[in-house]
Number of protein chains: 2
Amino acid sequence: MTTRLSDIADEAGVSVMTVSNVMNGKRARVSPATIEKVLGIAARLGYVPNIPARSLAANSSHIVAALVPVGENNSLLVSPHTVAVVGGMETHLRHHGYHVLLRGIEHEDQVAQTIRGWSLDGVVLVEFPDEQIDRLRVDTVPLVAIDSYSANPRTIGVRSDDHGGGRLAGRRLADAGHRGVLFAGPPYQGMGVVGQRWAGFREACLEAGLDPGGVGSVEVLTSFEDGRRLGLRLRRDHPGVTAVFATADHLAVGIMAGIVEAGGSVPGDVSVIGFDDLDFARYTTPGLTTIAQNMPAKVAEASRIILAEIERGAGAGDREPVALDVHLVERGSVGPPRA
Amino acid sequence: MTTRLSDIADEAGVSVMTVSNVMNGKRARVSPATIEKVLGIAARLGYVPNIPARSLAANSSHIVAALVPVGENNSLLVSPHTVAVVGGMETHLRHHGYHVLLRGIEHEDQVAQTIRGWSLDGVVLVEFPDEQIDRLRVDTVPLVAIDSYSANPRTIGVRSDDHGGGRLAGRRLADAGHRGVLFAGPPYQGMGVVGQRWAGFREACLEAGLDPGGVGSVEVLTSFEDGRRLGLRLRRDHPGVTAVFATADHLAVGIMAGIVEAGGSVPGDVSVIGFDDLDFARYTTPGLTTIAQNMPAKVAEASRIILAEIERGAGAGDREPVALDVHLVERGSVGPPRA
DNA sequence: TTGAAAGCGCTAACAG
DNA sequence: CTGTTAGCGCTTTCAA
């Protein structure tokens with residue numbers, strides 16, 4: 001039924017190993033004539049390598065798993081971010097002969113279990129909180145952690161320049177003349193993505209001469225609905241605020257909607273600036289001014305690192321975390337404060 | 001290093017087979033005492049089954065692949081749809097002990113190759129054009145095709161009630177009093193998703209008494225930018241049109257933007273209705289009135305079918321295609337035509 | 001209820 | 001340049 005290496009070997013009159021070597025590109029070890037013959041037969045017979053057999057024998061699977069934490073019965077790939085990362089990496093990895101296993105992680109231990117059980121060659125951690133990454137103890141395969149600031153030496157962080165992005169946003173609002181600004185982001189611990197953005201934002205505002213009391217922050221979950229609720233009560237709860245920096249476009253757009261719903265206008269009464277530059281940032285009225293992440297670069301970088309680490313074995317290397325540049329995209333949701 | 005079945009067998013003083021049977025839930029064949037002992041040792045040793053070995057021996061992998069066609073160097077998971085399907089199925093399948101391999105397909109042949117090479121247990125086809133599904137010849141594993149109307153008996157289609165959705169849209173516009181309406185969707189062949197929506201839309205419009213000449217259609221790619229361009233030239237190219245039905249929210253939102261940019265208003269000058277009910281449909285001003293798909297149901301149904309087919313072997317079964325209900329979500333982009 | 005033998009298809013390591 | 005020998009860890013089949 002299925003063509004095996006031995007079928008090709010029989011027909012070519014060579015050993016299975018020779019065929020194996022040819023199929024795996026170890027052609028330095030085989031004569032050109034043999035290579036050509038083997039390749040011809042393989043093509044004619046429609047040979048397709050058996051991945052499990054290869055994985056078992058070589059103790060390496062050519063699989064890179066994209067691991068995403070799941071709580072409750074949540075579905076995966078909820079954030080457009082995660083989607084871009086997973087989809088983009090599949091493309092890169094496929095071009096290099098690797099495959100992507102998509103897996104939701106319910107409990108930390110499953111990370112190590114999955115690596116062993118599948119003989120994984122590499123792992124990409126997406127949306128993992130830093131505290132969880134800190135606890136990971138895996139030293140057999142390269143681990144790339146997207147958007148992580150964990151100090152775990154076993155992992156390599158790939159993220160945007162969140163601190164710089166925060167600065168860009170702070171500077172923009174300060175330059176526009178705002179003196180009462182608000183940072184809106186999810187609850188966080190330590191100096192992760194959110195902490196970095198807040199630190200950069202605050203720093204730039206203060207540098208620009210804002211009064212520390214004029215730079216506030218509020219905790220909101222990253223969703224349109226939670227943003228909307230904040231927008232609705234903004235004038236009441238934060239009377240001095242004339243501009244808001246949200247850590248995510250979803251949130252920013254919700255805040256805009258809430259402000260308008262409460263009878264205010266953007267940017268007339270309140271300016272809003274987001275982070276990410278997702279598709280829909282241009283769908284709103286006015287368009288959302290936001291800090292754009294370079295997702296293609298992020299994905300390319302993550303793929304490059306994973307592949308490089310796999311090649312050189314999960315050992316030493318430039319295990320330097322990577323930070324991708326961000327930039328400001330002007331669309332219309334930021335203006336001067338009302339006089 | 002790694003715990004194997006034989007390690008457990010040695011320690012328990014039983015054979016490897018007994019341990020294997022215990023671990024696979026074939027417990028009818030083993031005495032309760034043995035089961036308990038084996039389970040205890042397995043837990044203590046931190047046993048993790050080796051997936052490649054199991055796949056090789058059993059010629060079945062417990063893997064379901066999500067296959068997505070890719071053109072050029074496009075990235076996967078571009079549409080929010082695909083994302084919902086893949087992410088949702090991973091959750092369902094994981095709860096039943098199956099895994100998801102995400103794979104971009106560059107050439108049709110890779111479908112069959114992937115199935116053989118991985119000993120896949122099932123396949124989900126996402127975003128595949130019907131013509132390509134028609135040509136697929138695979139009879140070893142269950143194939144679920146999302147949004148497919150292919151007649152290929154080897155595949156099981158799971159989709160929304162596209163014809164009914166088209167009807168809903170047509171009825172809504174006709175009821176509002178529109179007499180010159182336009183269907184905007186991507187180029188298509190046969191009666192696939194787009195064809196169904198168009199047929200339903202046209203049917204409902206004519207039933208409501210519209211003149212056949214008043215029900216036009218135009219080909220536009222499914223993107224914000226192409227929609228915007230259509231919106232910009234709408235008044236010039238389609239002077240009699242007072243309402244547009246777009247086959248996708250992305251497109252609909254772009255059309256709205258183009259209309260406004262050209263100096264018109266929605267729904268004052270032109271009404272717009274979309275399809276999908278994606279998140280951002282509520283972010284626009286006015287919100288987008290659209291036909292909502294029941295994505296959770298679609299995903300659940302697809303998963304259920306795949307699992308059922310795997311259980312019963314890729315043979316007979318209720319290979320009936322499934323169509324999920326849709327409904328109209330009113331938001332504000334549809335109103336009466338200008339008098 | 002349990003076990004022994006055989007092999008899934010492939011590759012590592014070494015020998016020639 | 002090519003082949004031989006041994007398995008990888010698990011399940012299938014059949015026997016006890």
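Per chain, numbering begins at 1; letters A, B, ... match sequence-line order.
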Per nearest nucleotide of DNA chain C, the residue lying toward the 5' end, A:N50 or B:S15, is B:S15
Using five base pairs at each end to define the local axes, how bent is the helix from C:dT1-D:dA16 to C:dG16-D:dC1, to the nearest 10°?
30°
NA contact type, A:T34, heavy-atom cut-off 4.0 Å: base, sugar-phosphate, or nothing?
sugar-phosphate
Close side-chain approach of B:E320 and B:I156, heavy atoms under 4.5 Å
no
Short side-chain N/O contact from B:Y47 to OP1 or OP2 of D:dG9, under 4.0 Å:
no
Do the side chains of A:I146 and A:L125 get nearer than 4.5 Å, heavy atoms only?
no
Among residues 51-60 of chain B, which ones have heavy-atom contacts with DNA chain C below 4.0 Å?
B:L56, B:A57
A:D10 CG - D:dG3 P separation (whole Å):
12 Å
Write down the distance between CZ (A:R116) and P (D:dG9), rounded to a whole number of angstrom.
11 Å
Nearest whole Å is fine: how far is D:dG3 C1' from A:N21 CG?
11 Å
A:M23 CE to C:dC10 P, straight-line distance once rounded to whole Å
9 Å
In whole Å, what is the span from the CG atom of B:L5 to the C1' atom of C:dA4?
15 Å
4.5 Å side-chain heavy-atom contact, A:I310 and A:P142:
yes
Any A:S20 side-chain N or O less than 4.0 Å from OP1/OP2 of C:dT11:
yes
Without hydrogens or angle criteria, can the side chains of B:E127 and B:H81 be said to hold a donor-acceptor pair below 3.5 Å?
no
Are B:H99 and A:R103 packed together at the side-chain level, in the sense that at least one heavy-atom pair is separated by less than 4.5 angstrom?
yes
Distance under 6.0 Å and angle within 45° of the ring axis: does A:R159 meet both against A:Y149?
yes
Take the protein atom CG of A:D7 and the nucleotide atom P of C:dC8, then report the distance between them rounded to whole Å.
11 Å
Round to a whole Å and report the spacing from CE of A:M17 to P of C:dA12.
7 Å
Are B:V124 and B:V64 packed together at the side-chain level, in the sense that at least one heavy-atom pair is separated by less than 4.5 angstrom?
yes
Between atom CD1 in A:I8 and atom C1' in C:dG9, what is the gap in whole Å?
12 Å
Hey, does B:V299 have a side-chain heavy atom less than 4.5 Å from the side chain of B:R304?
no
Residues in side-chain contact (heavy atoms from CB on, under 4.5 Å) with A:E106, at least two apart?
A:V70, A:Q110, B:R94, B:H95
Base, sugar-phosphate or nothing for A:V16? Non-hydrogen atoms, less than 4.0 Å.
base
